[in-house]
Structure formats: structure tokens, C-alpha cells
Amino acid sequence: QVQLAESGGGLVQAGGSLRLSCAASGRSFSHSIIGWFRQAPGKEREFVAAITWSGAATHYADSVKGRFTVSRDNAKNTVTLQMNNLKPEDTALYYCAAKGLTRGLWRTDDYDYWGQGTQVTVSS
């Protein structure tokens, strides 16, 4: 089965940076999309960014454009979310997720596999 594991979360001051990684295993992801989501206490889950496994295309939520970058690392079979200029409102549990490469490339309600989450806390 597909397994996803996030890492890299932590505590950082506003304006700082963190790099999250999503390690994928169990099958080939050559026809998949990896997405990043986050959820803060008492709030709904929010889409953050997504990337085709090939790295040919990316998509970002408006709230993180210009600050976050999603990319792939072939050497470690991972997808990375580089987060710069972090704000307190970025504080959340961050998840990576996977789905098949379909016509609805950037749909956010059809992901099939999920990681366990990694906590990001941004202090003011």
C-alpha cells in the first residue's frame, strides 16, 4: 500500500523558514500528484500546495504564493515544501497527501492517501 510520511515541522519565529518533506513508498508515483494541506485547531483543513510527481506543474493557495515552494527530490523519493517568511497564521498541522494524475489536476477534495502530519508552530 501507499505510505506517506511527513517530517521537518517545528517551532520558528515569524519571518523564519522551515522545510517540510514528504517521503513516499509502496508504489510508483509517476502518475500521481502530491498535495500539502494544513489544519489549525478549530478550523477546516486548508489546501496549501500541490505538485505532479514529475515536477512539471505546481499549484499554490493564494495565502502562500510567493512564500512557499513545493518541489521534488528524486534522490530521496520525497516532495519538499519550502516555507519562507512564515507568519503566525501559518501555524497548523501539515499533511501531505497523494492522488492519481487526473483531468481535475488541482482539485483538493479527491486525495486518496494521507500522511500522519507534522506540526508547524510560528511564534510572533
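Keep in mind that what you see is a predicted model, and the values were worked out from it rather than measured.
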| said: Using side-chain contact (heavy atoms from CB on, under 4.5 Å), reason through Ile33 and Trp53 one step at a time and then give a plain yes or no. | reply: CA-CA 6 Å; Ile33 296 171; Trp53 189 249; over 6 Å; no
| task | In sequence, state the C-alpha distance, the side-chain angles, and the governing distance for Thr121 and Val12, and then conclude on side-chain contact (heavy atoms from CB on, under 4.5 Å). | result | CA-CA 6 Å; Thr121 302; Val12 65; over 6 Å; no
| Which is it for Leu20 and Thr80 under the side-chain contact (heavy atoms from CB on, under 4.5 Å) test, yes or no, and what are the steps along the way? | CA-CA 6 Å; Leu20 306 183; Thr80 295; over 6 Å; no
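Nearest heavy atom pair, residue Ile34 against residue Ala98, reads CD1-CB, 3.7 Å. Considering all non-hydrogen atoms of both residues, Gln119 and Thr91 come closest at NE2-CG2, 4.1 Å. Among all heavy-atom pairs drawn from Pro88 and Ser124, the shortest one is CG-CB, 4.0 Å. Here the shortest heavy-atom pairing between Leu18 and Leu86 reads N-CD1, 3.8 Å.
Checked by atom type and distance alone, the side chain of Thr118 pairs as donor or acceptor with a backbone atom of Gly9 at under 3.5 Å. At least one donor-acceptor pair closer than 3.5 Å links the side chain of Arg67 to the backbone N or O of Asn85. Under the 3.5 Å distance criterion, the side-chain polar atoms of Thr52 are matched with a main-chain donor or acceptor of Ala57. Side chain of Glu6 to main chain of Gln116: a donor-acceptor pair is present (N/O by atom type, distance under 3.5 Å, no hydrogens or angles). Between the side chain of Asn77 and the main chain of Ala24, a donor-acceptor pair closer than 3.5 Å is present.
Thr69 OG1 to Ile51 CD1: the interatomic distance, rounded to the nearest 0.5 Å, is 10.0 Å. To the nearest 0.5 Å, atom CZ of residue Arg38 and atom NZ of residue Lys43 are 9.0 Å apart. One distance of note links CH2 of Trp36 with OH of Tyr60; it measures 12.5 Å at 0.5 Å rounding. Here the CD atom belonging to Glu89 is positioned 9.0 Å from the OG atom belonging to Ser63, to the nearest 0.5 angstrom. To the nearest 0.5 angstrom, Leu81 atom CG is 9.0 Å from Ser21 atom OG.
With 3.5 Å as the limit, one finds a donor-acceptor pair spanning the side chains of Asn84 and Ser17.
No continuous path of ILVMFWY side-chain contacts below 4.5 Å connects Met83 to Leu11, so the two sit in separate hydrophobic clusters.
A salt bridge links Asp110 with Lys99; the closest basic N to acidic carboxylate O contact falls under 4.0 Å. Ionic pairing of Lys65 and Asp62 is present here: one or more N-O contacts between side-chain nitrogen and carboxylate oxygen are shorter than 4.0 angstrom.
Each disulfide (SG to SG under 2.5 Å) pair with one or both residues in residues 58-121, not counting sequence neighbours, appears once here: Cys22-Cys96. Among residue pairs with one or both ends in residues 81-112, those qualifying as ring-ring contact (aromatic ring centres under 6.0 Å, His included) are Phe37-Tyr111, His59-Trp106; sequence neighbours excluded.
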